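Order of the sequence lines fixes the chain letters, A, B, ..., with proteins taken first and strands second; residue numbering starts at 1 for each chain. Since the structure is predicted, the reported quantities are computational estimates derived from the model, not experimental observations.
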Number of protein chains: 2
Amino acid sequence: MAVAGQRRRRKEERPGEIVEAAFEEFARAGFAATKLDDVAARAGITKGTIYLYFPSKEDLFLATVREMNRPSQENLAALTAAPQGSAMAILRTHFAFVYAQMVEDRRAREILRMLMAEVSRFPDLADRWRAEVIGPAVENLRRVVRYGIERGEFRPSAAEEFPHLLFAPVIMACTWRLMFGDDHALDGAAYLEGHLDLMERGLAQGEG
Amino acid sequence: MAVAGQRRRRKEERPGEIVEAAFEEFARAGFAATKLDDVAARAGITKGTIYLYFPSKEDLFLATVREMNRPSQENLAALTAAPQGSAMAILRTHFAFVYAQMVEDRRAREILRMLMAEVSRFPDLADRWRAEVIGPAVENLRRVVRYGIERGEFRPSAAEEFPHLLFAPVIMACTWRLMFGDDHALDGAAYLEGHLDLMERGLAQGEG
DNA sequence: CCTTATTGACTGCCTGGTCAGTTATTAGTA
DNA sequence: TACTAATAACTGACCAGGCAGTCAATAAGG
């Protein structure tokens, strides 16, 4: 067995390790300012090795974003199940999960930052992200709203056309934390509760 | 009088022209990827001239962000006047203005993008922005919510602690447009109307 | 000993920043 | 008004350093 710190042949693990290191560096410095030497150092290899697995810096960036998106894509499937019970209860569960995923988890936030920063360099990346991740998420949310309306639980509202309005506080919290850091983050539990409360009142059938 | 296209001495106008050109380039390419030669070309001068007015690329970036923030800062003052009439009416006017300012105006959106992309490089920039621009805006919104509660128009809600929740759809629309382009922008008027409608229902005193 | 994953020194290009020189402008003089 | 001198805004050629990408040499594994 090879000694740690020495050269080892690891064809299988390398790409994942490189992407992992690349994510940290891209998130820290942005695409242009990231040095492949630093990525390599973080992965415990040298720059040359990166080029055995990725043809260019741009390709490495693309691979990184795709890889980091995978968990949320996979989790989305579970949420698309046929709704039952109170629509509001579904929304509660849904948003509790989404908060944990997008606001609390640093990686998801950093992906948002990276995409926003680099869309002009990779226009098709944003398109794919919308088509594969965001679009379905919006559609899923819309389905729950419709379900609530059919059930007589919700009134008809703009939330049916723009489920984005319901999702907005998540993006707000995400952006806030990205910009002002963990120290100034909005209090997670209270904020989520407030979000759900306002949403419930906003959507509810009421006052006759 | 000097002929157009020839060298001219313009000590007064230069800084503004350079900042203007820098904004376009920074917005297009981000901080690291922006070339000062391009900025100079856009401003109709050469790189050397930039260094007569700004000591470094970083200083130019800072000056650019500050300059672009100025209009929204100045407009904010006008909105902080003593509230009167329906609180909801104030919110309507307020958000109509904010939409025009932040969602429709490309420059404000690009500022958001630039700040998000580069905050890690300029931590004090984010701090100042929060202290000077965002903080007062949140406070202003909170004042209107309190006014509405005192008036018996609004119920007590999380919007008092987190006015962010009311502002969130603006950030959402802003972010959406930044990422997916003008072609996929959310329909401005209908979206704003939906935002206001949900907000009104969410905040309103009602159902006894 | 053969294969191949990995290295690390090397290249060429790019770009932030410099500075000696150039030219428009203004002030001074007649 | 015409000419000259002094000033300083502006230029552009020029470094110096950094970094993406290359490749011949090396060493681990079978």
Only counting residues at least two apart or in another chain, list the ones meeting side-chain hydrogen bond (donor to acceptor under 3.5 Å, both in side chains) with [X].
X         : value
Glu200(B) : Arg92(B)
Tyr99(B)  : His195(B)
Thr46(B)  : none

For atom [atom1] of [X] and atom [atom2] of [N], their distance in whole Å:
X        : N       : atom1 : atom2 : answer
Phe54(B) : dG17(C) : CZ    : P     : 14 Å
Ile18(A) : dA5(C)  : CD1   : P     : 13 Å
Glu58(B) : dT15(C) : CD    : P     : 18 Å
Phe61(B) : dG16(C) : CZ    : P     : 14 Å
Glu17(A) : dA5(C)  : CD    : C1'   : 13 Å
Ile50(A) : dA5(C)  : CD1   : C1'   : 15 Å

At under 4.0 Å, does any side-chain N or O of Thr49(A) touch on OP1 or OP2 of dT7(C)?
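Indeed, a polar side-chain atom of Thr49(A) lies that close.
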Can you check whether Tyr53(A) has a side-chain N or O nearer than 4.0 Å to OP1 or OP2 of dT6(C)?
yes
The criterion is ring pair (Phe, Tyr, Trp, His ring centres under 6.0 Å); which residues satisfy it with [X], sequence neighbours excluded?
X         : result
Phe26(A)  : Phe31(A), Phe61(A)
Tyr191(B) : Phe162(A)
Trp176(B) : His164(A), Phe180(B)

Pairs meeting criterion side chain to side chain donor-acceptor pair (under 3.5 Å) with involvement of residues 23-35 of chain B, two or more places apart
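Residue pairs passing side chain to side chain donor-acceptor pair (under 3.5 Å), neighbours aside: Glu24(B)-Arg106(B), Glu25(B)-Arg28(B), Glu25(B)-Arg42(B).
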I'd like a table of atom pairs between the protein and nucleotides 17-20 of chain D - only N or O on both sides, under 3.5 Å - with the distance next to each one.
{"unit_1": "dC19(D)", "atom_1": "OP1", "unit_2": "Lys35(A)", "atom_2": "NZ", "d": "2.9"}
{"unit_1": "dA20(D)", "atom_1": "OP1", "unit_2": "Thr34(A)", "atom_2": "O", "d": "2.8"}
{"unit_1": "dA20(D)", "atom_1": "OP1", "unit_2": "Lys57(A)", "atom_2": "NZ", "d": "3.2"}
{"unit_1": "dA20(D)", "atom_1": "OP2", "unit_2": "Leu36(A)", "atom_2": "N", "d": "3.1"}
{"unit_1": "dA20(D)", "atom_1": "N7", "unit_2": "Lys47(A)", "atom_2": "NZ", "d": "2.8"}

N-O pairing of Glu132(B) and Arg66(B) below 4.0 Å
no
Salt bridge check, Asp182(B) against Arg109(B): does any charged N sit closer than 4.0 Å to a carboxylate O?
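The answer is yes: the pair qualifies as a salt bridge.
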Which ones in residues 114-125 of chain A lie close to DNA chain D, meaning a heavy atom under 4.0 Å from one of its atoms?
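Result for residues 114-125 of chain A: none.
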Output the single nucleotide from dC10(D), dT7(C), dT11(D) whose closest atom is nearest the side chain of Ile45(A).
dT7(C)
